[in-house]
Amino acid sequence: MSKNSLMRTASLTVSMILLMGSACSEQPERKALAVVTDIAPRVSRWHSDQVLVTARSADGLVGSKLVDAARLDCRVGEKVQATARGVSLFLDARACQR
């Protein structure tokens, strides 16, 4: 692959990422219910007391968030509040927390 071809491919990739990001941010937000599908410890040298909570909405969107292990207040299978925008799912700030 020539240097010019590689530069064009890189430029096109960056343009697509920027276009997709701006298109997603322009999507309207909607409230959603999500079911907790996984709770896993976060492996990190500095934050060993956190867990990663992952949930899926009825339309298949997946989102996750970090929660302090001491404040964890949910189990796999429970429903939590979330906000969907485009193809992204954001769990509410108080989801799975005491």
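Throughout, residue positions are numbered sequentially from 1 according to the sequence presented. Values below: every heavy atom of this structure, side chains too, minus hydrogens, waters and symmetry copies.
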Of all the heavy-atom pairs spanning [X] and [Y], show the shortest one and how long it is.
| X | Y | result |
| --- | --- | --- |
| Arg42 | Gln50 | NH1-OE1, 2.8 Å |
| Leu89 | Ala34 | CD2-CB, 4.0 Å |
| Ala55 | Val80 | CB-CG2, 4.3 Å |
| Ala95 | Lys65 | O-NZ, 3.2 Å |
| Val36 | Cys74 | CG2-SG, 4.2 Å |
| Gln97 | Asp73 | C-CB, 3.9 Å |

Would you kindly confirm whether Leu91 and Ile39 end up in one hydrophobic cluster when ILVMFWY residues are joined by side chain heavy atoms under 4.5 Å apart?
-> yes
Within a reach of under 6.0 Å around CZ of Arg94, are more than 12 heavy atoms found that belong to other residues, nucleotides or ligands?
-> no
Count the heavy atoms belonging to other residues, nucleotides or ligands that lie under 6.0 Å from CZ of Arg75, then report whether that count exceeds 12.
-> no
Arg30 with Asp59: basic N within carboxylate O range, under 4.0 Å = yes
The single option from Val51, Leu52, Asp49 that satisfies side-chain contact (heavy atoms from CB on, under 4.5 Å) with Val67 is Val51
Are side-chain heavy atoms of Asp92 and Thr83 found at a separation under 4.5 Å?
-> yes
Val35 side chain reached by Arg56 side chain, heavy atoms, under 4.5 Å | no
Given side-chain contact (heavy atoms from CB on, under 4.5 Å), test Val53 with Leu72 step by step and report yes or no.
-> CA-CA 9 Å; Val53 176; Leu72 182 66; 4.0 Å; yes
Between OG of Ser57 and CG of Leu33, what distance do you get to the nearest 0.5 Å?
-> 9.5 Å
Between the CD atom in Gln27 and the OG atom in Ser88, the distance rounded to the nearest 0.5 Å is 9.5 Å
For Thr54 and Val62, what are the C-alpha separation, side-chain angles and deciding distance, and is it a side-chain contact (heavy atoms from CB on, under 4.5 Å)?
-> CA-CA 7 Å; Thr54 305; Val62 176; 3.7 Å; yes
